[in-house]
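Structure record follows, encoded as structure tokens.
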Number of protein chains: 2
Amino acid sequence: MNMELSGRGKPSPEKSHRVMARDNADPLSVGIGLNAAIVAVLDNEPVVLIVRKDPDSAGATDVLPFGPFNPREHRTLEGGLRAWVQDQTGLDLGYAEQLYTFADRGRHSEPADTSPHVVSIGYLALTEASRDHGLTHGIWRSWYQFFPWEDWRRSRPEIISAEIEPRLKLWAERAVTNGSQSGSIARADRVRICFGLDGAAWDEEKVLERYELLYEAGLIEEAVRDGRSAAQSWTDRPKLGLPMQSDHRRILATAIGRTRAKIKYRPVVFELMPPEFTLYELQKTVEAILGPHLHKQNFRRLVEGAGLVEATGEVKTRTGGRPAKLFRFRKEVLLERPAPGVRVSAPPSRN
Amino acid sequence: MNMELSGRGKPSPEKSHRVMARDNADPLSVGIGLNAAIVAVLDNEPVVLIVRKDPDSAGATDVLPFGPFNPREHRTLEGGLRAWVQDQTGLDLGYAEQLYTFADRGRHSEPADTSPHVVSIGYLALTEASRDHGLTHGIWRSWYQFFPWEDWRRSRPEIISAEIEPRLKLWAERAVTNGSQSGSIARADRVRICFGLDGAAWDEEKVLERYELLYEAGLIEEAVRDGRSAAQSWTDRPKLGLPMQSDHRRILATAIGRTRAKIKYRPVVFELMPPEFTLYELQKTVEAILGPHLHKQNFRRLVEGAGLVEATGEVKTRTGGRPAKLFRFRKEVLLERPAPGVRVSAPPSRN
DNA sequence: CTACATATGCTCCAATAGAGCATATGTAGG
DNA sequence: CCTACATATGCTCTATTGGAGCATATGTAG
């Protein structure tokens with residue numbers, strides 16, 4: 001890459017900061033962290049693989065598998081990620097895709113006025129939890145423990161009305177006097193859209209937007225840690241999900257949002273399934289990810305109609321009722337038109 | 001970010017390479033390049049903003065606006081990008097979104113065995129070309145000059161059958177003897193799916209996949225430059241679009257694919273339009289991006305029905321026919337349900 | 001053998017979207 | 001002024017999709 005333009009960067013002469021346990025003299029070089037949100041579904045519960053920093057201490061923060069990108073060793077970013085995951089969990093990653101690259105200042109437990117010098121690249125990996133792919137370290141934890149307001153499987157989570165809604169509305173009001181920032185959407189509207197308040201529809205894909213909103217409002221523990229919540233009056237700040245180290249919860253939010261979106265238009269559910277499964281098990285897995293219950297007959301029709309699966313010829317008998325046919329993923333769909341996902345149209349939203 | 005794991009990186013002691021016109025002693029630090037694919041539509045032609053490296057020299061390679069991320073100056077990645085764009089083109093960027101982070105070795109005109117030490121983050125920006133947002137440098141160039149095989153506005157580009165298809169089939173055959181690489185899709189299938197051969201449907205969103213396939217097959221000038229095409233027998237290699245510096249063409253491919261995908265489910269077309277426009281102008285803009293012609297009446301019905309636009313009350317008379325009503329974007333849709341794009345269902349592909 | 005639970009097939013219907021016809025209202029040229 | 005023409009715009013007809021529910025099949029448990 002030609003960098004003849006570097007000179008315009010006007011690098012400041014101030015001393016560099018110690019990052020990644022090393023000294024860094026070049027103002028244009030940064031460390032890159034590779035972070036993996038490894039998702040599976042275990043007993044109808046969507047889970048993510050956690051590597052506890054210190055499993056014994058009580059106040060230990062949850063951590064995703066991660067490590068620095070080392071251009072000497074890693075030929076590609078994804079290769080580096082796989083190496084770190086292998087190293088830290090023993091897991092041999094299957095499906096993986098890049099999510100996003102974050103570099104905001106002060107999102108890493110450092111003083112906010114410090115240059116980050118570190119950039120986080122988040123990855124989403126999907127795997128089958130029940131099968132042993134070499135996993136030796138790490139624990140599976142429900143992703144709803146980190147995002148309780150995302151769990152709509154039973155019904156609307158009470159935490160929204162009880163804790164989130166009133167505090168966000170307060171936060172939105174405090175900004176009204178600042179005059180309407182033309183161009184950007186007003187706080188109150190963002191709150192309404194993100195959390196589906198006042199008649200707005202809940203969009204299960206907006207996981208990151210919701211997290212960022214809560215962070216911005218200082219309602220997230222990480223925001224306090226990062227010095228974003230200027231010691232507000234709400235010392236009664238509620239516990240909104242388990243915190244994570246660094247910006248890992250933000251990465252996980254991105255991963256959940258992407259999983260929910262992608263499952264609808266690409267056949268990625270099957271990364272979460274065993275080689276053979278019943279259609280009901282498949283449906284339960286989708287529902288674990290997306291939340292709302294689906295119409296069973298229509299789900300079957302859609303999945304079969306799209307040619308996503310083929311019967312193995314065998315049945316699973318211990319279902320408590322009529323035996324269910326076993327299916328397997330029809331890999332040939334990948335060779336056909338824009339291979340679809342399990343399309344689930346939104347509920348008949350009257351709008 | 002906690003980097004207690006850095007020690008496992010087993011940094012090799014070999015001398016570091018000179019990258020980005022500077023020395024870099026730390027094996028874990030890399031330079032980050034911010035690259036902008038700035039897209040507009042000018043006279044029904046989708047264009048991208050190019051900053052010629054050397055406008056006068058004949059063999060000059062096209063370059064996207066780009067510059068290194070400087071954590072001292074740039075609070076965020078996107079902020080850094082905007083600063084570089086402003087600096088190099090005078091343009092004040094409006095809509096921008098991150099695309100992808102690339103770090104493959106040897107994609108930067110360097111020897112392939114050299115560590116990259118530089119990571120490229122690509123961004124997509126949409127703007128209105130006809131309006132002056134401060135643009136002082138750079139030229140608009142049709143994106144189809146870089147990707148002639150993507151131009152389906154008239155009909156199927158001849159370059160596919162004439163140049164691409166035979167060479168890719170040859171390339172696919174050469175790999176058959178290697179035994180079928182289990183797990184990955186066979187070359188022949190990839191070729192078929194990517195380019196819609198042998199009855200497969202053309203997916204206008206697979207821009208990056210197609211480019212990568214051509215690169216892999218050594219049919220792209222950048223692949224030769226990067227030393228990927230081992231001086232094959234085809235010294236008769238055809239000119240498949242204009243080359244670009246570094247990995248900029250790959251970034252542009254990502255940008256085109258994303259634009260085509262996003263225009264269908266988010267109201268981003270309007271970033272490309274003037275404040276007021278006729279529905280026909282809007283349709284022409286969408287067609288410039290997506291290619292196939294749309295049914296005029298249905299397009300109107302969909303756009304109006306989705307509440308994306310509102311009439312200004314005025315008409316544009318110099319249309320050569322009945323005057324067209326002028327419309328403007330109804331920004332309120334952003335406050336409604338998952339604000340839709342201009343849904344255009346695929347042609348009645350019999351499948 | 002019966003009650004029950006789940007699987008599975010099929011029908012009905014509302015909403016969506018593709019396609020085309022008909023009409024409105026300008027410009028251009030005699 | 002009048003006519004040919006071009007584009008805009010409204011409306012209808014119809015095929016397809018997807019939401020919802022009924023009916024039947026085939027197991028297990030007591």
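Lettering follows sequence order; numbering is per chain, from 1. Hydrogens, waters and symmetry mates are skipped; everything else that's a heavy atom, side chains included, is used.
Of all non-hydrogen atoms in B/Ala288 and B/Asn44, the two that sit nearest each other are CB-O, 3.5 Å. Nearest approach of B/Ala37 to B/Leu252, heavy atoms of both residues: CB-CD1, 4.3 Å. Scanning both residues, A/Leu240 and A/Trp149, for their nearest heavy atoms gives O-CZ3, 3.5 Å.
Atom CG of B/Asp198 has more than 12 neighbouring heavy atoms from other residues, nucleotides or ligands inside a 6.0 Å radius.
Look at CG on B/Leu302: it is 16 Å from P on C/dA15, rounded to the nearest Å. A/Gln283 places its CD atom 13 Å from the P atom of C/dT6, with the value rounded to the nearest Å. Here D/dT12 presents its C1' atom at 10 Å from CZ of B/Arg301, a figure rounded to the nearest Å. Atom C1' of nucleotide C/dT27 and atom NZ of B/Lys316 are separated by 15 Å, given to the nearest angstrom. Residue B/Phe299 contributes atom CZ, which lies 16 Å from atom C1' of D/dT7 at whole-angstrom precision.
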Give me the distances for all protein-to-nucleotides 8-10 of chain C N/O pairs that come in under 3.5 Å?
from, atom 1, to, atom 2, distance (Å)
C/dT8, OP1, A/Lys325, N, 2.6
C/dT8, OP2, A/Arg300, NH1, 2.8
C/dT8, O5', A/Arg300, NH2, 3.3
C/dG9, O6, A/Gln297, NE2, 3.4

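In this pair, B/Phe329 and B/Phe270 present their aromatic rings parallel. The plane angle is below 30°, not in the 30 to 60° band.
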- Item | Secondary-structure notation, DNA chain D, from Watson-Crick and G-U pairs under 3.5 angstrom (| other strand) | ||||||||||||||||||||||||||||||

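Two residues are said to be in side-chain contact when any heavy atoms from C-beta on lie closer than 4.5 Å; B/Phe146 and B/Ile256 fail this criterion.
Here the rule is salt bridge (charged side-chain N to carboxylate O under 4.0 Å, His left out) with A/Glu204, and of A/Arg153, A/Lys264, A/Arg156, A/Arg258 only A/Lys264 fits it.
Put simply, the side chain of A/His295 and the base of D/dG18 share no donor and acceptor less than 3.5 Å apart.
Between the side chain of B/Glu281 and the backbone N or O of B/Thr278 there is at least one donor-acceptor pair closer than 3.5 Å.
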